[in-house]
Amino acid sequence: MQEQYRTVARAGVHGCEINRSRFLCSLAPAATEQEAQDFVARVRKEHPSASHNCFAYVIGADASVQKASDDGEPGGTAGVPMLQMLMRREVRYTAAVVTRYYGGVKLGAGGLIRAYGGVVGEALDALGTITRQRFRLATIRVDHQRAGKLENDLRATGRDVREVRYAEAVTIGIGLPDGDVEAFTAWLADATAGTATLELGGEAYGDATVR
């Protein structure tokens, strides 16, 4: 698995006007290729009278799925520069649709490439991106007496607390960067006088930083 990847922080739309043509870039996170395709279909439905609804999306932390469409624009002048912008910004699990309302002035191949790629870059700047970090899932088991303070300490130190369950013992699900496992194990032993146990599980991605 990739150590981390970047994705768009939220869904949104950014627009600009170039030589009387209106370009609207719709961006959205997409966890699967089906979600990306559904997003493209939804945007197209919202803009049925547009001259073009071109799209690009990248799925997978390793960018294993990459698709693009020029939707009637000259080949390679719309979808590809959109996809290249997503890849250049290292954005994953993201779908982009650029809706163009033609304004009567031809832009030429170079102008189209700059317009379609550029509006995607502007939209990423406007909406922001979030970096997601690979974590090792882990479960802490601790007695009720120490659970409350331990949970507070975990949150106070910025740990990724995913769930807390109260039963005969209290289990706290957390996410740990792989490099932190050894140090965290030692910290947990100190914090609970050796009474807590830590069980390592699988891997997942969690939010790390917003840019």
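Being a predicted model, the structure only gives us computed values, none of them experimental. Any value given below was found using the heavy atoms of this structure, including those in side chains, with hydrogens, waters and symmetry copies removed. Along the sequence shown, residues carry numbers from 1.
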Chemist: Is it the case that over 12 heavy atoms from other parts of the model lie below 6.0 angstrom from the CZ atom of R22?
Modeler: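 Yes.
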Chemist: If every non-hydrogen atom of A31 is compared with every non-hydrogen atom of E35, which pair is closest and at what distance?
Modeler: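 In this case the closest contact between A31 and E35 is N-OE1, 3.0 Å.
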Chemist: Using the rule that two of Ile, Leu, Val, Met, Phe, Trp, Tyr join whenever any of their side-chain heavy atoms come within less than 4.5 Å, decide whether I18 and L124 are in one cluster.
Modeler: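 In one cluster with I18: L124, yes.
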Chemist: Is there a side-chain contact between I174 and L176 (heavy atoms, below 4.5 Å)?
Modeler: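 A side-chain contact under 4.5 Å exists here.
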Chemist: Would you please test Y57 and V65 for side chain to side chain contact (heavy atoms under 4.5 Å, CB included) and show each step?
Modeler: CA-CA 8 Å; Y57 57 77; V65 177; 4.0 Å; yes
Chemist: For E17, is the CD atom crowded, meaning more than 12 foreign heavy atoms sit under 6.0 Å from it?
Modeler: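 Above 12, so yes.
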Chemist: Give a yes or no on whether the backbone of R92 and the side-chain of T7 come within a donor-acceptor separation of less than 3.5 Å.
Modeler: yes
Chemist: Atom CZ of R162 and atom CD1 of I172: how far apart are they, to the nearest 0.5 Å?
Modeler: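 That separation rounds to 14.5 Å.
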Chemist: Output, in order, the C-alpha distance, side-chain angles, deciding distance and verdict of side-chain hydrogen bond (donor to acceptor under 3.5 Å, both in side chains) for T171 and T139.
Modeler: CA-CA 6 Å; T171 57; T139 302; over 6 Å; no
Chemist: Can you sort out the partners of F39 under ring pair (Phe, Tyr, Trp, His ring centres under 6.0 Å), two or more places apart, ordered by chain and number?
Modeler: none
Chemist: Which heavy atom of E33 sits nearest a heavy atom of K67, and at what distance?
Modeler: OE2-NZ, 2.8 Å
Chemist: Let me confirm one number: the CD1-CD distance from I130 to Q4, rounded to the nearest 0.5 Å.
Modeler: 12.0 Å
Chemist: Which pair of heavy atoms, one from P29 and one from V8, lies closest together, and at what distance?
Modeler: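 Scanning both residues completely, I find the closest heavy atoms to be N-CG1, 3.5 Å.
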Chemist: The test is side chain to side chain contact (heavy atoms under 4.5 Å, CB included); show your working for R100 and L112 and say whether it passes.
Modeler: CA-CA 11 Å; R100 181 189 183 190; L112 288 172; 3.3 Å; yes
Chemist: Is any side-chain heavy atom of C16 closer than 4.5 Å to a side-chain heavy atom of E122?
Modeler: yes
Chemist: Where the side chain of D70 meets the backbone of A78, is there a donor-acceptor pair that is under 3.5 Å apart?
Modeler: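 Yes, the answer is positive, given that a donor and an acceptor are paired below the 3.5 Å cut-off.
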Chemist: What orientation do Y5 and Y205 show, parallel under 30°, tilted 30 to 60°, or perpendicular over 60°?
Modeler: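 If you compare the ring of Y5 with that of Y205, the planes turn out perpendicular.
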Chemist: Check for me, please, whether Y101 and V105 land in the same ILVMFWY cluster - side-chain distances under 4.5 Å, paths through other members count.
Modeler: no
Chemist: Can you give me the closest heavy-atom contact between G76 and I113, atom names plus distance?
Modeler: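 It is O-CG1, 4.0 Å.
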Chemist: Find the distance between CG (L107) and CG (N19) and round it off to the nearest 0.5 Å.
Modeler: 5.5 Å
Chemist: Step through the shown structure and confirm whether more than 12 heavy atoms of other residues, nucleotides or ligands are within 6.0 Å of CZ on R89.
Modeler: yes
Chemist: Quick one: pull up CG in N53 and CG in L24 and give me the separation to the nearest 0.5 Å.
Modeler: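 So the CG of N53 and the CG of L24 are separated by 9.5 Å.
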Chemist: Nearest 0.5 Å, please: how far is CD1 in I59 from OG1 in T94?
Modeler: 7.5 Å
Chemist: Can you tell if the side chain of V170 reaches within under 4.5 Å of the side chain of V164, non-hydrogen atoms only?
Modeler: yes
Chemist: State whether the side chain of T195 and the backbone N or O of T192 hold a donor-acceptor pair below 3.5 Å, judged by distance alone.
Modeler: yes
Chemist: Would you say that F184 contacts L198 through its side chain, given a criterion of any heavy-atom pair below 4.5 Å between the two side chains?
Modeler: yes
Chemist: How far does CG of L154 sit from CG of D160, to the nearest 0.5 angstrom?
Modeler: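 These two atoms lie 10.5 Å from each other.
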Chemist: Do F23 and V13 land in one hydrophobic cluster if side-chain heavy atoms of ILVMFWY residues count as linked below 4.5 Å?
Modeler: no
Chemist: What is the minimum heavy-atom distance between Y93 and A61, and which atoms define it?
Modeler: CE1-N, 3.3 Å
Chemist: Of the options H14, M82, R88, which is the one that meets V120 in a side-chain contact (heavy atoms from CB on, under 4.5 Å)?
Modeler: M82
Chemist: If Ile, Leu, Val, Met, Phe, Trp and Tyr residues are connected whenever their side-chain heavy atoms lie under 4.5 Å apart, and connections chain through other members, are L83 and L127 in the same group?
Modeler: yes
Chemist: Does E90 reach the main-chain N or O of M87 with its side chain, forming a donor-acceptor pair under 3.5 Å?
Modeler: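 Not at all, since once roles are kept as given, no pair shorter than 3.5 Å links the two residues.
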Chemist: Cluster question for you: counting only ILVMFWY and a side-chain heavy-atom cut-off of under 4.5 Å, with indirect links fine, are F135 and L200 together?
Modeler: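 Shared cluster, no.
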Chemist: Could you tell me whether R146 and D153 make a salt bridge, using a distance below 4.0 angstrom between a side-chain N and a carboxylate O?
Modeler: no
Chemist: Between G202 and R136, which heavy-atom pair has the shortest distance, and what is it?
Modeler: O-CD, 3.3 Å
Chemist: Should Y116 and E73 count as side-chain neighbours, where that means a heavy-atom distance under 4.5 Å?
Modeler: yes
Chemist: So, S51 side chain and Y102 main chain: donor-acceptor pair closer than 3.5 Å or not?
Modeler: yes
Chemist: Run the salt bridge (Lys or Arg N to Asp or Glu O under 4.0 Å) test on E199 and R141 for me, step by step, so that the C-alpha distance in whole Å, both residues' side-chain angles and the decisive distance to 0.1 Å come before the verdict.
Modeler: CA-CA 8 Å; E199 180 181 342; R141 288 178 59 87; over 6 Å; no
Chemist: Using salt bridge (Lys or Arg N to Asp or Glu O under 4.0 Å), reason through K149 and E151 one step at a time and then give a plain yes or no.
Modeler: CA-CA 5 Å; K149 183 178 186 304; E151 182 184 350; over 6 Å; no
Chemist: Closer than 4.0 angstrom, basic N to acidic O: yes or no for D180 and R159?
Modeler: yes
Chemist: Looking at S64 and G60, would you say the former's side chain and the latter's main chain have a donor-acceptor pair under 3.5 Å?
Modeler: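 Here the side-chain-to-backbone pair does not exist.
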Chemist: Donor-acceptor pair, S21 side chain versus G103 backbone, under 3.5 Å?
Modeler: yes
Chemist: Taking the side chain from H47 and the backbone from H52, do they hold a donor-acceptor pair closer than 3.5 Å?
Modeler: no
